[in-house]
Amino acid sequence: MSFLVHRLPALRDNYIFLLFDPDRLEAAVVDPAVGEPVLAKLQELGARLVAIFNTHHHSDHVGGNRDLLAVYPQAAVYGGAEDRGRIPGQTVFLQEGDRVTFGNETGEILFVPGHTRGHIAYYFPRSGHLFCGDTLFSGGCGRLFEGTPSQMVQSLSKLRQLPDTTQVWCAHEYTLNNLKFALTVDPDNHALRARFQVVQAMRAADQPTIPSTIGLEKSVNPFLRWDTPSLQAATGHTEPDRVFGKLRGMKDLYAG
Ligand code: ZN
Ligand code: FE
């Protein structure tokens, strides 16, 4: 049996993901923004925390590390090798191609810099779960705080080539605003218009839009679609880094 993923809303619009192995009663947490809802869920499940998987060093992704370690001092703290010194309690320093294990599964590390210079993603090929932090959002992508458009295109290319059925667990509920912006640059995209209707209804009913899938994102997310004619026309560029860079700049200025 593979692990189960519990989605815990935190702060304003973050999601913390708790991976639960019901056979061993063990859990791992991805990007604990805060500790308290994680501790509550662990208690409810009767599970012991064995790992913290951090995607990058921002406080809304590592803010709960210390509180969790206070209760589960044996838990291993994973993060990117480039984030050494920036992730509280980090014990494992990961690079592209490294592997982690949880439950019966092996996760592969993808180095995906751009949002930050140390950002990594965790991909579990057997169950098809991708934990991508602030690199890929549903309908959008992370801002380029410490990277270039070229780096981000490379990083997103790695995610885009995963199987269409891959479950994409993004760290924020930004989908509705992302799709509003997407419609301004790709208004004739029918898949995007249909997705916008669905997401609008979901958010009106206070439902989460995460996880998405790679297949869906490839059809609606402008930040994965630098090679489509509509976005090349919208940006006035054809070269991937320029199409992407222009879109990212437009989104940075978009109020919604
Ligand atoms: Zn971030
Ligand atoms: Fe974040």
Side-chain angles (χ1 to χ4, degrees), residues 5-19 28-38 52-68 77-90 93-94 96 109-123 129-149 151-156 158-159 167-181 203 208-212 217 221 223-224 244-245 247-249 251-256:
V5 183
H6 292 278
R7 182 187 41 230
L8 311 176
L11 306 179
R12 194 186 162 82
D13 48 36
N14 277 77
Y15 288 125
I16 301 169
F17 302 115
L18 190 70
L19 320 189
V29 66
V30 180
D31 284 353
V34 287
E36 172 241 310
V38 180
I52 299 175
F53 294 132
N54 292 125
T55 62
H56 66 296
H57 74 291
H58 283 159
S59 62
D60 62 317
H61 299 256
V62 305
N65 281 18
R66 289 288 181 210
D67 284 354
L68 293 173
V77 181
Y78 297 83
E82 303 284 323
D83 273 339
R84 185 179 288 272
R86 308 205 292 184
I87 293 179
Q90 185 173 4
F93 302 84
L94 298 166
E96 172 84 20
I109 302 308
L110 302 167
F111 182 47
V112 287
H115 176 64
T116 65
R117 62 182 165 79
H119 204 300
I120 58 172
Y122 298 82
Y123 173 55
H129 294 297
L130 171 70
F131 301 95
C132 54
D134 288 357
T135 297
L136 177 63
F137 295 129
S138 184
C141 72
R143 284 177 187 256
L144 302 181
F145 288 121
E146 298 179 350
T148 63
Q151 275 179 323
M152 196 60 149
V153 165
Q154 259 197 300
S155 294
L156 291 171
K158 290 181 193 174
L159 304 185
Q167 304 276 302
V168 181
W169 299 91
C170 325
H172 290 273
E173 181 60 67
Y174 289 160
T175 313
L176 185 60
N177 185 258
N178 284 340
L179 295 180
K180 281 182 188 164
F181 168 76
R203 295 309 295 148
T209 64
I210 304 304
S212 182
E217 293 307 313
N221 190 328
F223 296 98
L224 294 180
F244 177 88
L247 283 171
R248 190 56 262 179
K251 178 68 173 22
D252 288 345
L253 298 173
Y254 179 75

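This chain uses plain numbering: 1 for the first residue, then up along the sequence. For ligands, and for the atoms within them, numbers begin at 1 and follow the listed sequence.
Donor-acceptor pairing under 3.5 Å is lacking for the side chains of Asn54 and Asp83. Side-chain atoms of Thr116 and His56 form no donor-acceptor pair, as typed in the model, at a separation below 3.5 Å.
Checked options His115, His61, His58; the residue passing with His172 is His61 (criterion: ring pair (Phe, Tyr, Trp, His ring centres under 6.0 Å)). When each of Phe223, Phe181, Trp169, Tyr174 is tested with Phe137 by the rule ring pair (Phe, Tyr, Trp, His ring centres under 6.0 Å), just one qualifies, namely Tyr174.
Around the Zn ion (ligand 1), the protein contributes the following N, O or S atoms at distances under 2.8 Å: His56 NE2, His58 ND1, His115 NE2, Asp134 OD2.
In this view, Ser138 and Glu217 satisfy the side-chain hydrogen bond (donor to acceptor under 3.5 Å, both in side chains) rule, not counting sequence neighbours.
Proximity of a side-chain donor or acceptor of Asn65 to a complementary backbone N or O of Gly89 within less than 3.5 Å is not detected. For the pair Gln151 (side chain) and Pro113 (backbone), a donor-acceptor distance under 3.5 Å is absent.
Nearby protein atoms of type N, O or S around the Fe ion (ligand 2) amount to 4 (distance under 2.8 Å).
Within the structure, salt bridge (charged side-chain N to carboxylate O under 4.0 Å, His left out) pairs that include any residue of residues 169-179 comprise Glu173-Arg203 (at least two apart or interchain).
The aromatic rings of Phe53 and Tyr78 sit tilted relative to each other, their planes meeting at an angle between 30° and 60°.
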